[in-house]
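Each chain gets a letter, A, B and so on, in the order the sequences are listed, and its residues count up from 1.
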Amino acid sequence: MDINKKDNNLIVTGLKDFNLHHIFDCGQCFRFNAVSENSYFGIAKNKALLISQNDDEVIFYDTTEDDFKNIWYDYFDLNRDYSEIKSRLSNDPIMKEAVSYGDGIRILNQDLWEAVISFIISASNNIPRIKGIIERLCENFGKQISYMGKTYYTFPDTDTIYSLSKEDLSVIRSGFRDKYIMDAADKFKSGTLTEEYIKSLSTPDAKKALMTINGVGNKVSDCILLFGLGRVDSFPVDVWIKRIMEYCYFDGEQSIPAISAFAEKHFGDIGGFAQQYLFFYARENKIGTE
DNA sequence: CACCAGGCAAGCC
DNA sequence: GGCTTGCATGGT
């Protein structure tokens, strides 16, 4: 990896296993969107970022070296060797095919609180609407930040969401999920759950702790573990994963627990990566929808 | 216009 | 324990 400054931009070359389309369209994050053929814009970690990619050259616009080293290097999981993970998964011919579709996927290291609220909102919802609800949450209650001459909004912190009434929250039109959002804020604000405490727990205990939040069940907790806590052995089973697993590994319908059990055995400690390659592959190929 | 979306909790047996 | 149902809203 090589970093060069040009004006206010950072030009990073030599990134392996890195593709913006794969990273931002594999369902892990809701605040980044394509703004042109090869560039994405979004907000994470209280920072806005415009990023573009041409083959080996990735440009972080209006970004300092400090922010790259302190924020984006970790956010994009650049310290991890994906080649090794991909080669391990590719012993399985099905995974080899899925990996070849999304060979530039990286699991983003997102903020825990944002993951908790975002995946509560994701329940029984579609991705365009999830993104809309989250944007309204940020625009109404986040802090203003300025980037490249424009104003954007951060993801609101626990105290801010805790202070909201149900009527305040109604502007985001989250439907029945509003009470779940408020329960998460209650539990984090009261200290029943804290980020430090959850991070100190083993994965099974962290999962149990997360599931004490109303609106956080099996699937949502797995997403929080994987995307907000870096527990890369988690294998969230949603409708897409259920369909593609039934299609690829089973002969017809299977229960979610059966699929989870199979994934745990089959993918072990790298289940989270397998899940992302499969999710991307299923959605790109619309597996099970026609 | 139905159908259903990255589910979950609560109420049944 | 497993199975059903209601849930708000809007994308397709």
Side-chain angles (χ1 to χ4, degrees), chain A residues 22-33 98 102 105 107-108 110 114-137 139-140 164-187 193 207-229 231-232 234-248 253-261 263 267 271-290:
Chain A
H22 298 169
I23 291 168
F24 289 122
D25 293 314
C26 66
Q28 59 180 325
C29 120
F30 301 109
R31 294 203 74 196
F32 272 85
N33 292 296
I105 285 175
I107 295 187
L108 299 167
Q110 304 183 60
E114 180 169 342
V116 168
I117 300 301
S118 297
F119 285 97
I120 284 173
I121 291 169
S122 79
S124 188
N125 216 336
N126 58 56
I127 290 178
R129 198 165 91 92
I130 297 165
K131 287 185 171 184
I133 293 168
I134 291 172
E135 278 324 293
R136 288 191 288 279
L137 179 68
E139 279 170 19
N140 282 283
L164 302 177
S165 67
K166 216 171 166 179
E167 294 75 60
D168 294 332
L169 256 186
S170 66
V171 298
I172 73 171
R173 305 197 297 280
S174 60
F176 60 85
R177 306 162 191 85
D178 54 1
K179 55 188 178 292
Y180 300 153
I181 294 169
M182 296 180 76
D183 188 56
D186 283 348
K187 294 226 163 59
L193 295 176
K207 177 161 176 148
K208 278 180 205 157
L210 290 167
M211 285 178 67
T212 63
I213 302 168
N214 219 321
V216 178
N218 185 55
K219 189 270 172 179
V220 169
S221 63
D222 280 342
C223 285
I224 297 167
L225 288 169
L226 180 56
F227 302 124
L229 287 165
R231 307 300 170 93
V232 295
S234 301
F235 188 91
V237 181
D238 59 46
V239 290
W240 287 96
I241 291 296
K242 185 170 183 292
R243 278 199 291 256
I244 193 168
M245 290 294 285
E246 286 167 346
Y247 181 80
C248 291
E253 272 215 52
Q254 283 294 316
S255 70
I256 289 171
I259 293 170
S260 299
F267 302 122
F273 302 101
Q275 197 268 6
Q276 288 295 278
Y277 293 119
L278 286 168
F279 186 89
F280 185 79
Y281 179 77
R283 279 178 57 90
E284 291 287 302
N285 294 286
K286 302 189 187 310
I287 299 287
T289 59
E290 68 248 9

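Of the candidate nucleotides B:dA5, C:dT9, B:dA9, B:dA9 has the atom nearest to the side chain of A:Y180. Proximity note for A:F176 (side chain, C-beta onward) versus B:dA5, C:dA8, B:dA10: the nearest is C:dA8. With B:dG7, C:dG10, B:dA10 as the choices, the nucleotide that has an atom nearest any side-chain atom of A:K219 turns out to be B:dG7. The side chain of A:S124 lies closest to B:dA5 when the candidates are C:dG11, B:dA5, B:dA10.
Between the P atom of B:dA5 and the CD1 atom of A:I241 lies a distance of 14 Å, rounded to the nearest Å. Going from atom CD1 of A:I259 over to atom P of B:dG7 covers 13 Å, rounded to whole Å. Atom-to-atom, CZ of A:R129 to C1' of C:dG10 comes out at 6 Å; the value is rounded to the nearest Å. Atom CD1 in A:I130 sits about 12 Å away from atom P in B:dA5, given to the nearest Å.
Using a cutoff of 4.0 Å between basic side-chain nitrogens and carboxylate oxygens, A:K187 and A:D183 are scored as salt-bridged. Ion pairing of A:E246 with A:K242 is present here, as a side-chain N (NZ or NE/NH1/NH2) and a carboxylate O approach within less than 4.0 Å.
Atom C1' of C:dT5 sits at a distance of 15 Å from the matching atom of B:dC4, rounded to the whole Å. When the P atom is compared between C:dT12 and B:dG7, the two are found 16 Å apart, to the nearest whole Å. Taking atom P in both B:dA9 and C:dG10, one finds a spacing of 23 Å when rounded to whole Å.
A residue-by-residue look at A:R177 and A:M211 shows that A:R177 has its nearest nucleotide of DNA chain B further toward the 5' end.
A:R283 pairs in a side chain to side chain contact (heavy atoms under 4.5 Å, CB included) with only one of the listed residues (A:I244, A:I127, A:L278), which is A:I127.
In this structure, A:F279 and A:W240 have perpendicular ring planes: the angle between them is above 60°, well past the 30° mark.
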